[in-house]
Each structure stands twice: as structure tokens, then as C-alpha cells.
**Student:** 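The structure's right below; bear with me while I get my questions together.
Each chain gets a letter, A, B and so on, in the order the sequences are listed, and its residues count up from 1.
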Amino acid sequence: MAGWLVKSEPHDWSWQDQQETTIEPWTGVRNFQAQNNMRAMKVGDLVFFYHSGKNPAIVGLCKVSKSAYPDPSDDTKRFCLVDLKAVSSAATPVSLASIKADPDFQHLALVKQARLSVMPIDKEAWQKLYKMAAFPA
DNA sequence: GCCAACGTTGGC
DNA sequence: GCCAACGTTGGC
């Protein structure tokens with residue numbers, strides 16, 4: 001199963017905000033690589049919700065509730081977005097520092113490409129991160 | 001708040 | 001089509 005990670009700046013859109021809404025159109029992705037990743041998402045795929053900025057960490061788990069469709073607010077018609085739904089909160093947020101400190105995670109785009117805001121997470125890394133975050137069943 | 005990394009834009 | 005300049009993101 002494919003796993004993903006999306007970043008959000010908490011002052012802009014936080015995990016708190018995400019939980020208080022049912023479905024959130026994931027707008028504002030204006031990077032082709034990130035766009036390509038979003039287009040590869042399927043309904044039901046799970047997505048880590050990551051806070052950038054101060055105390056960067058994986059804080060929550062979302063599910064794709066609608067796969068990529070054109071962003072109606074985009075005049076250039078170049079960009080798509082997906083809808084995300086909050087699933088559960090990490091009992092133990094996984095900090096970027098701890099991810100960087102673990103040799104198993106050195107290949108992740110999160111470590112190697114700081115500026116990419118939507119990225120795939122391979123199965124092994126996903127399972128380990130999932131355990132570390134201790135999501136309630 | 002600063003600075004490094006990197007993606008995008010635009011001139012040639 | 002290349003490359004320099006610029007803007008933005010995000011970690012510290």
C-alpha cells in the first residue's frame with residue numbers, strides 16, 4: 001500500500017484545523033514534483049500529516065478522500081489537488097530530529113529534499129514511522 | 001530572523 | 001535550450 005506525507009505550516013493550516021474539519025481540499029501545492037506525487041494518490045491512501053516550522057514533526061494521519069482533480073482556483077489550469085480527511089492523531093509525534101537521527105530514514109525526501117511538500121513514503125519506512133507515532137487503532 | 005537549498009522564470 | 005537571477009521554503 002502506498003503511503004504519503006504532506007507538510008503544512010501550522011500557522012497556515014495546522015493539524016488542529018484539519019481535525020476540526022471533515023474534508024480538506026489540499027490547495028496551494030505549486031511544485032511540479034509535489035504535484036506529480038499528488039496525482040499518484042488514490043482514494044483511501046494514507047497520508048502522514050507533518051508540521052513544518054517550529055518543532056517539525058509528524059503529528060497526524062489522514063486519508064485521501066478524493067484523488068487528484070483540477071484546482072478550480074488555478075487560472076493556469078496546471079495544478080491539481082486532493083481532498084484529505086483526518087483519521088487519527090499521533091500519540092507520540094515523530095520529530096524531524098528523530099527521523100534524521102535514524103539511519104533507516106536517510107533516503108526519505110523529508111531528509112534529503114527539505115523543500116518538497118508532498119512525498120511518497122516507502123513501505124518499510126512507513127511501517128516504522130507508523131509505529132513510532134503510535135496511532136490509536 | 002537568518003541563511004542555505006532549490007525550483008521557477010525569463011533573457012538571450 | 002541553457003543558465004543566471006530571483007523568490008520561496010523551511011530548518012536552525
**Student:** Taking only the side-chain heavy atoms of A:Arg115 (C-beta and beyond), determine which of C:dG11, B:dA5, B:dT8 contains the nearest atom.
**Tutor:** B:dA5

**Student:** Picking from B:dT8, B:dA5, C:dG11, which would you name as closest to the side chain of A:Ser52?
**Tutor:**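 Among B:dT8, B:dA5, C:dG11, the one nearest the side chain of A:Ser52 is C:dG11.
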
**Student:** Verify whether one side chain among A:Trp4 and A:Asp45 offers a donor that lies under 3.5 Å from an acceptor in the other.
**Tutor:** yes

**Student:** How many whole angstroms separate atom CD of A:Glu9 from atom P of C:dC12?
**Tutor:** 14 Å

**Student:** Regarding A:Lys128 and the six-membered ring of A:Phe105, is the cationic atom NZ or CZ under 6.0 Å from the ring centre and inside 45° of its axis?
**Tutor:** yes

**Student:** Remember a base hit wins even if backbone is also touched, and classify A:Gln113 as base, sugar-phosphate or nothing at under 4.0 Å, heavy atoms.
**Tutor:**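 Sugar-phosphate contact only - A:Gln113 comes under 4.0 Å of backbone atoms but never of a base.
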
**Student:** Over how many whole Å does the gap from A:Leu96 atom CG to C:dC12 atom C1' extend?
**Tutor:**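 Checked: the CG to C1' distance equals 11 Å.
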
**Student:** Give me the ring orientation class for A:Phe135 and A:Phe48: parallel if the planes are under 30° apart, tilted from 30 to 60°, perpendicular past 60°.
**Tutor:** parallel

**Student:** What is the separation between atom CG on A:Leu116 and atom C1' on C:dG11, rounded to the nearest whole Å?
**Tutor:** 15 Å

**Student:** Send over the distance from A:Met119 CE to B:dG7 C1', rounded to a whole Å.
**Tutor:**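 In whole Å, B:dG7 C1' lies 15 Å from A:Met119 CE.
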
**Student:** Which nucleotide in the list B:dT9, B:dC6, B:dG7 gets nearest to the side chain of A:Arg78?
**Tutor:**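 Nearest listed nucleotide: B:dT9.
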
**Student:** Which one, C:dG11, C:dG7, B:dT8, comes nearest to the side chain of A:Phe32?
**Tutor:** B:dT8

**Student:** From NZ of A:Lys54 over to P of B:dG1, roughly how many Å is that when rounded to an integer?
**Tutor:**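 Distance, rounded to whole Å: 14 Å.
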
**Student:** Restricting to non-hydrogen atoms, name the atom on A:Gln35 and the atom on A:Arg78 that form the minimum distance, rounded to 0.1 Å.
**Tutor:** OE1-O, 4.1 Å

**Student:** Could you tell me whether the phosphate oxygens of C:dT9, OP1 or OP2, come under 4.0 Å of any side-chain nitrogen or oxygen in A:Tyr50?
**Tutor:** no

**Student:** Classify the side chain of A:Arg30 versus the base of B:dT8 as yes if they form a donor-acceptor pair under 3.5 Å and no if they do not.
**Tutor:** no

**Student:** Base, sugar-phosphate, or nothing: which does A:Lys7 touch, judged by heavy atoms less than 4.0 Å apart?
**Tutor:** sugar-phosphate

**Student:** Check the phosphate of C:dG10 against A:Lys112, side-chain N and O only, distance under 4.0 Å to OP1 or OP2. Yes or no?
**Tutor:**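 Indeed not, no polar side-chain atom of A:Lys112 lies that close.
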
**Student:** Side chain of A:Gln33: nearest nucleotide among B:dG7, C:dG10, C:dG11?
**Tutor:** B:dG7

**Student:** Round to the nearest Å and state the distance from A:Leu110 atom CG to C:dT9 atom P.
**Tutor:** 17 Å

**Student:** May I ask you to check whether A:Trp15 and A:Tyr50 place their ring centers less than 6.0 Å from one another?
**Tutor:**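 No.
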
**Student:** Rounded off to whole Å, could you give me the CG-to-P distance for the A:Asp12 and C:dG10 pair?
**Tutor:** 10 Å

